[in-house]
Amino acid sequence: MSRSTRKWLVLSGLWVLALAGIASSFAGERGDRGPGMQRDARGMVLDNRYNHGHYYPPRGQIVRALPEGYRPYGFGGNRFYFGAGVWYAPGPYGFVVTRPPFGLFVTVLPPFYTTLWFGGVPYYYANDIYYQWRPDLNGYVVAAPPPGAEQPGEPPAAAPAPAGDDFFLYPKNGQTAEQQSADRYECHTWARGQTGFDPTQPAGAAPGQGSAGHEQYQRAITACLEARGYSVR
């Protein structure tokens with residue numbers, strides 16, 4: 001065996017060990033994704049926490065190409081890529097399925113998510129990751145698991161439909177009726193705080209605003225709902 005061949009074999013072996021180490025470290029981020037977890041024919045892992053009911057690739061898996069329609073994000077000088085509820089980081093021979101850091105800002109939620117309530121605060125869950133709405137950013141951040149994560153609370157009563165408003169809300173991402181209600185409630189609360197106008201109260205409870213206040217509220221709630229994956233008409 002030539003010297004160059006031996007060198008190539010050694011380097012190849014090091015790459016294999018490195019890849020195995022990366023996969024092990026990422027897979028170790030979540031203890032319940034071991035061999036006993038339910039998988040489909042492609043090796044995708046079922047996330048059924050909170051009856052979420054969707055399959056995702058296991059953390060540590062290496063892919064050669066990112067999914068169609070992915071979104072790039074940066075955090076702490078590192079690059080991440082988000083597509084179909086799965087996070088990726090640059091890795092050897094492509095990209096590694098990973099977990100995003102807490103505090104990373106995103107503009108959209110995963111296509112499928114589960115709305116949870118803790119202490120009256122909504123969280124959005126998918127693929128073992130929690131997201132929170134940030135009104136000041138008009139977007140979401142990756143959040144740490146909330147206190148009491150094993151026992152979500154009940155959502156507050158949904159905001160009543162504003163009197164005289166008859167807009168149509170279409171869930172583009174297949175949101176359930178419960179999620180639609182929660183999203184509308186939170187967007188109503190946010191739009192009311194942004195504009196000072198509350199269409200559920202007589203005269204909007206905003207003296208002197210008139211039709212201008214109503215229009216501002218409509219723009220605000222529409223922007224909020226569209227950011228959450230709805231078409232508003």
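Predicted model only: the values in this text are computed from it and were never measured.
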Connected via hydrophobic side-chain network under 4.5 Å: W87 and F105: no
Closest non-hydrogen atom pair between N48 and G53, with its separation: OD1-N, 3.3 Å
Single-linkage hydrophobic cluster, 4.5 Å side-chain cutoff, I129 and V141 together: no
Flag side-chain contact, heavy atom, 4.5 Å: Q61 against V97: yes
T107 OG1 to L137 CG distance, which is reported to the nearest 0.5 Å: 11.5 Å
Ring geometry between H52 and Y56 (parallel below 30°, tilted from 30 to 60°, perpendicular above 60°): parallel
Aromatic contact, F95 with Y81 (centres under 6.0 Å): yes
Closest contact, heavy atoms only, V96 versus G91: CG2-CA, 3.9 Å
Distance, nearest 0.5 Å, that separates CD of Q180 from CG of L225: 10.0 Å
R192 CZ to C187 SG distance, which is reported to the nearest 0.5 Å: 12.5 Å
Nearest-0.5 Å distance, CD of residue Q218 to OG1 of residue T195: 10.0 Å
Audit row: R49, E150, salt bridge (Lys or Arg N to Asp or Glu O under 4.0 Å) steps and yes/no: CA-CA 9 Å; R49 193 176 192 187; E150 298 303 323; 2.3 Å; yes
Minimum heavy-atom distance Q132-P122, with the two atoms named: CG-O, 4.2 Å
Within-4.5 Å side-chain heavy-atom neighbours: F75 and P100: no
Atom pair CG/CZ of D128 and R59 - distance to nearest 0.5 Å: 5.0 Å
Identified ring pair (Phe, Tyr, Trp, His ring centres under 6.0 Å) partner of Y124 from the options F112, F118, W117, Y113: Y113
Beyond-backbone contact of N127 with P110, side-chain heavy atoms, under 4.5 angstrom: no
N-O pairing of D136 and R134 below 4.0 Å: yes
Minimum heavy-atom distance between A220 and A191, given as atom pair plus value: CB-CB, 3.7 Å
Modelled atom types, side-chain donor and acceptor of N173 and Y230, under 3.5 Å: no
Rounded distance (nearest 0.5 Å) linking atom CD of Q175 with atom OG1 of T114: 11.5 Å
Beyond-backbone contact of V106 with Y131, side-chain heavy atoms, under 4.5 angstrom: yes
Smallest separation among heavy atoms of Y88 and P67, with atom names: CE1-CD, 3.7 Å
Y140 and R228 side chains, donor-acceptor separation under 3.5 Å: yes
Y70, OH atom: more than 12 neighbouring heavy atoms under 6.0 Å: no
Shortest non-hydrogen contact from P111 toward G85: CD-N, 3.7 Å
Test item: L116 and Y130 side chains (from C-beta on) under 4.5 Å apart, heavy atoms: yes
Q194 and Y217 side chains, donor-acceptor separation under 3.5 Å: no
